[in-house]
Asks: 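Quick one: the structure is below, questions incoming.
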Amino acid sequence: MTAQDEIARLRRKVEDLIAERAPIGRAEQAAGERLNALAAQVRERPLTAVLLAAGLGYVMARLTRRRA
């Protein structure tokens, strides 16, 4: 196998890895955009966000509390 063949093989391998990674990158980008949107909503309505978090925490605590 020549050096050029080895370079071509490695190039194909890298291209395959990049193609496999592309959907993950798009998912990460979408998640980042959703996180930024959520952060903007929290900045716009901080009191609502705190009350919602407290309410959800209370509900989760009630649901997961073990009965004696």
Side-chain angles (χ1 to χ4, degrees):
M1 180 177 282
T2 67
Q4 288 178 339
D5 292 339
E6 183 67 17
I7 291 171
R9 185 184 70 77
L10 290 172
R11 180 176 286 138
R12 283 191 301 274
K13 189 172 183 177
V14 168
E15 288 171 351
D16 290 344
L17 289 171
I18 290 171
E20 289 175 10
R21 175 86 168 94
I24 295 169
R26 287 191 295 271
E28 288 174 346
Q29 181 180 3
E33 290 171 1
R34 291 185 63 124
L35 182 62
N36 289 338
L38 178 61
Q41 288 179 347
V42 169
R43 280 191 294 274
E44 290 174 7
R45 298 185 183 103
L47 182 59
T48 302
V50 168
L51 292 174
L52 181 62
L56 287 174
Y58 175 78
V59 169
M60 292 301 295
R62 295 288 301 208
L63 291 174
T64 59
R65 180 178 298 164
R66 293 182 182 224
R67 300 193 192 278

Asks: Check whether more than 12 heavy atoms from other residues, nucleotides or ligands sit under 6.0 Å from atom CD of Glu6, and answer yes or no.
Replies: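 Yes, CD of Glu6 has more than 12 neighbouring heavy atoms, counting only those of other groups under 6.0 Å.
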Asks: With a cut-off of 3.5 Å and sequence neighbours excluded, list every side-chain donor-acceptor pair involving residues 29-54.
Replies:
from: Gln29; atom 1: NE2; to: Glu33; atom 2: OE2; distance (Å): 3.4
from: Asn36; atom 1: ND2; to: Gly32; atom 2: O; distance (Å): 3.3

Asks: To the nearest 0.5 Å, tell me how far Asp16 CG sits from Glu20 CD.
Replies: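 It is 6.5 Å, given to the nearest 0.5 Å.
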